[in-house]
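What follows is a set of notes on a single structure, which appears directly below.
All values derive from a computational prediction rather than experimental measurement. Per chain, numbering begins at 1; letters A, B, ... match sequence-line order.
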2 protein chains.
Amino acid sequence: MLTDRQKVILRMVVDDYVVSAEPIGSRTISKHPNLGLSAATIRNEMADLEEMGYLEQPHASAGRIPSQQGYRYYVDNLVNSDSKISVDDFTMIKSLFTEKIDEMERVAQQTAVVLSGLTQYTGLVLGPQVYDTMLKNLQIIPLNDHSAVIIVVTSTGQVQNRTVTFPEGIAMDEVERLVGIVNRRLQGTPMYKMRSRMLEEIMHEVARSVGDYEEAIRLLDQIAPTIGLENEAKVYLGGATNMLLQPEFQDVQKAQPVLSWLEHRDRVVEALKADGRAEQRTSVRIGIENDVETLQDCSLITATYHVSGVPVGVIGVVGPTRMEYGRVIRLLRHVSLGLSELYSKFYNGS
Amino acid sequence: MLTDRQKVILRMVVDDYVVSAEPIGSRTISKHPNLGLSAATIRNEMADLEEMGYLEQPHASAGRIPSQQGYRYYVDNLVNSDSKISVDDFTMIKSLFTEKIDEMERVAQQTAVVLSGLTQYTGLVLGPQVYDTMLKNLQIIPLNDHSAVIIVVTSTGQVQNRTVTFPEGIAMDEVERLVGIVNRRLQGTPMYKMRSRMLEEIMHEVARSVGDYEEAIRLLDQIAPTIGLENEAKVYLGGATNMLLQPEFQDVQKAQPVLSWLEHRDRVVEALKADGRAEQRTSVRIGIENDVETLQDCSLITATYHVSGVPVGVIGVVGPTRMEYGRVIRLLRHVSLGLSELYSKFYNGS
DNA sequence: ATTAGCACTCGACGCATTTGAGTGCTAACA
DNA sequence: TGTTAGCACTCAAATGCGTCGAGTGCTAAT
C-alpha cells in the first residue's frame, strides 16, 4: 500500500514523464509548488517506489520513469477520468458530430482521424455490429445470361452485394424462383441464424421447385456467404503515421513492427473485439497486458459505444506506454457517447 | 551522347547501387568480369559521367551514385524491360490470379499487397473505372416511414447504396413513384450523363406526378450523388510499412512525410490518375519528376490495365529513387496484363 | 522524519586522432 | 592517343579520451 505522499509523487512522475519523455529527477519533483519537500526526501521516496516496482531507472545516474506497473497503478488509482475534456478537445469533437455526414462509413473513418489528430497516437474505430438485424429483402438483378448481382438488405439498412455466376445448366428464371423462395420464407429472420435456417427450412422446398437439386445446392452455397453476411465488423484507422512523431518511435526498428501490425486489419479487429466483449465501458491495456507481442511497448485504450444500451462497436487509441492516460480516457468516453447517440438515432430511424 | 563504354559503366553503377545502397567506387566497377579496364580508366569515365550530370558524389572522397538524370537515362536507354520476370516472381503472381477470388475488391487489395511483398516498396492499385457503364436498375427498399435504402446497379454489376431520409411531407409512395420514373426514363443511360439527364428530362415529369414540386427536388438532390455515382475510383495500398526496411527510410524524418502522404487516399488517387491518363502503358516518375513535393526523393512507377483495350485502372509502386527499375517495370507489366485479363472476363460476363 | 552535504556514477558531448576507401593528377607505357 | 600504375590528397566514419553535469545513495546534522 502506498502512502498518500508516495501517491502524489508517483502521479507527478507520471504526469511529468508523459509530457517530457525524459527521466524525472528528484530535484524536478521537489520544485513543484504545493509540495514542501526537499530533493533528498523525494529521493528516499523514489527509492522506495522503485523497490516496490512502480518506478524504474534507465541507468544508475538517471532520473526515474514509471514502470508498466506504475502506469497501471496510476490508471487504477490516480488518474481522474471523470472530469470534463478540455474546451479545445470539445470543439474539435463537436464538429465531428454536428457536421452532417450521411454516410455512416465516413463517420467511423473521420472519428479515427480526429482521435489521432487530438492525441498524436493512432485512432481506431471498429464499425458497428448490430447483432439483431434481420433480413429485410433479397434482390437479384440479372446482368446477362449467366451472371447476376445479389443484393441483401437488412432491417437496419445495411446493404451487401455480390456478383454470382451461375453453374452451367441453371437458367435465370430458376435463380429468380430461388430468390423468391428465400424472400418468402426467410424475411425477418435474424441474420446470424440465416445460414442454418437456409439449410434446414429451404432445401426441400428448393428441391421441389428447381429442376436440378445438385445445382441448386451449389448455387445456394455461392449465395450463402453474402446472405449470411456475418455482419463482419470493419475497422478504420486514422493517423497511424502520427505516431512517428512520438520520441519512442524515432527509431525505425521500433516503429516498423507496430505500424506493420496496424496494417493487418484482421489482427486489429481481433484485438478490438477482445476489448469490446469486456464488461467495462473503457479498457486500458498497458504494455505486456496486450496479448499481442508486437504491442508490448504500447498501450491500447478502448471504449465501447452503444445502440439502445447494447454495445455495438469499439473505438480506441494505440500509442506508446508513455501515454496521456487521463486525457485519452476522457476523450474516448466523450466520443463514444457521441457515437452512441448518433448511431442510435440512425438505427432507430431518425 | 554517351559512348558505349560509358553506357556500360553507368548501367553497372546503377545496378550495383540499387542493391548495395552505398556509393560505388572505381575499383568495384573495374573488378567486374568481362570488362578489362583498370580502376584508373573507370575513374576518368566516371569523372566525365559526373560532369555530364549522370552521376554524383556524396562527398569528395566517396564513390559515385546515380543522379536522378542518371536514373532517367538508365530507364530510357539501358534497362531491359522486355525480358521475362523471374520464376520466383512469376509463381508468386500466378497464385494471385489463379486463386479463386470472387470479390473483385479483394483482388485489387491483394494485388497491392503482392506488389509490395515482391518489391519491399509500397504497392498501389487504382480500382477499375469503367466509363461506359450504364444504369441497370434503381431499387428502393423502405426501412420505415421516413427512410429507405436506395440501391443503384450498373450494367457492369457495380452496386452503390445510400440510406436516405425523406423530408417531412413526402410519403413513401411518392418516393416509389419517383424511383419508378427514374427507372423508366433513365435505364440504359451512361452513368456519367446521369446527373444532367436527371435534371433535364425528369424534372417536369416529376413535378406532374409528385405532389410537392419543391420537396421532389430536395429529394432528388439527396438521391443524386448515389445515382450519379461518379464511379469514384478507389485506391488500395499494400505494405506501406515495408518501405521502412529501405535504408533511405531509416531516418524517421525522411519516412514520415511519405507514409503520411500515402495515408491520404485522395492525393494518391490523383497522382495515379495523372499517370493513367498518359499515353504509355507504363510510366516512370523519378524524384522531382513527381509533381508531389513529398515524393521528390521517391520514384513512382505505374502501369495501366485495360478492359477491351480501354484503360480502366492503374497499378503502381512507390519507393526510393534507388529502385530496381527493370524488375519493377517488368513486374508491373506482367501484373497489369493479368489484371486486364481478369477484369475483362469479369465485365464481359465470364 | 527531514534535509544539507558530498562522493560517486554514468551517459552525453566535444574534440583530436586514426583509418581506409576513394579520388585526381601525373608520368610512363603500348 | 588511350590506358594504366603510382602517389599524394581528401574526407567521412570510427575510435579514443577527457570533461561536464544531472542525478543518485549515503551519512551526519537538525
Side-chain angles (χ1 to χ4, degrees), chain A residues 1-10 12-17 19-67 70 247-248 250-251, chain B residues 1-10 12-14 16-17 19-67 70 247-248 250-251 254:
Chain A
M1 198 48 210
L2 297 188
T3 67
D4 280 354
R5 198 167 69 183
Q6 285 169 330
K7 289 182 191 175
V8 171
I9 293 173
L10 178 55
M12 282 177 173
V13 172
V14 173
D15 285 342
D16 276 17
Y17 181 64
V19 309
S20 74
E22 308 254 294
I24 308 298
S26 53
R27 249 181 81 79
T28 317
I29 298 293
S30 78
K31 271 196 287 219
H32 256 98
N34 12 343
L35 181 76
L37 289 176
S38 79
T41 311
I42 307 290
R43 276 204 286 283
N44 288 328
E45 296 286 29
M46 277 177 145
D48 290 349
L49 282 168
E50 183 174 358
E51 211 169 328
M52 290 187 280
Y54 296 106
L55 295 181
E56 48 195 34
Q57 262 183 314
H59 59 88
S61 73
R64 303 304 207 291
I65 63 175
S67 68
E248 25 277 278
Q250 286 309 93
D251 181 358
Chain B
M1 196 50 211
L2 297 189
T3 66
D4 281 353
R5 198 166 71 184
Q6 283 169 331
K7 288 183 190 173
V8 171
I9 293 174
L10 178 56
M12 282 178 173
V13 172
V14 172
D16 277 17
Y17 181 64
V19 308
S20 73
E22 308 254 292
I24 308 298
S26 53
R27 250 181 78 81
T28 317
I29 297 293
S30 79
K31 273 196 288 222
H32 256 96
N34 14 341
L35 181 78
L37 288 176
S38 79
T41 311
I42 307 290
R43 276 204 286 282
N44 288 329
E45 296 286 29
M46 279 176 143
D48 290 349
L49 282 168
E50 183 173 359
E51 210 169 330
M52 291 186 279
Y54 296 107
L55 295 180
E56 48 196 34
Q57 261 184 316
H59 60 89
S61 73
R64 303 303 209 291
I65 63 175
S67 67
E248 24 276 281
Q250 286 310 92
D251 181 359
K254 290 275 196 312

Could you give the distance from CG (Leu37(A)) to OG (Ser26(A)), rounded to the nearest 0.5 Å?
-> 11.5 Å
What distance do Glu45(A) atom CD and Ile29(A) atom CD1 have between them, rounded to the nearest 0.5 Å?
->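 Interatomic distance, Glu45(A) CD to Ile29(A) CD1, rounded to 0.5 Å: 11.5 Å.
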From [options], pick the nucleotide closest to the side chain of [X]?
X        : options                   : answer
Met46(B) : dT24(D), dT23(C), dG23(D) : dT23(C)
Gln57(B) : dG25(D), dT4(D), dG24(C)  : dG24(C)
Arg43(A) : dC25(C), dG5(C), dT2(C)   : dG5(C)
Leu37(A) : dT3(C), dA5(D), dT23(C)   : dT3(C)
Ala60(B) : dT9(C), dT10(D), dT23(C)  : dT10(D)

What integer distance in Å separates [X]:[atom1] from [N]:[atom2]?
X        : N       : atom1 : atom2 : value
Glu45(B) : dG22(C) : CD    : C1'   : 18 Å
Leu55(B) : dG24(C) : CG    : C1'   : 16 Å
Asn44(A) : dG25(D) : CG    : P     : 8 Å
Asp16(B) : dG22(C) : CG    : C1'   : 15 Å
Ile42(A) : dA1(C)  : CD1   : P     : 16 Å
Lys31(A) : dT3(C)  : NZ    : C1'   : 17 Å
His59(B) : dG22(C) : NE2   : P     : 10 Å
Asp48(B) : dG24(C) : CG    : P     : 10 Å

Give a yes/no on whether any side-chain N or O of [X] is located under 4.0 angstrom from OP1 or OP2 of [N].
X        : N       : result
Arg5(A)  : dT2(C)  : yes
Arg27(A) : dG21(D) : no
Thr41(B) : dG2(D)  : no
Ser61(A) : dC10(C) : no

What are the two closest heavy atoms between [X] and [Y], and how far apart are they?
X        : Y        : value
Val13(A) : Ile24(A) : O-CG1, 3.9 Å
Pro66(A) : Val14(A) : CG-CG2, 3.8 Å
Ser30(A) : Ser38(A) : CB-C, 3.8 Å

Between Gly36(B) and Pro58(B), just flag the one whose closest nucleotide in DNA chain D comes earlier from the 5' side.
-> Gly36(B)
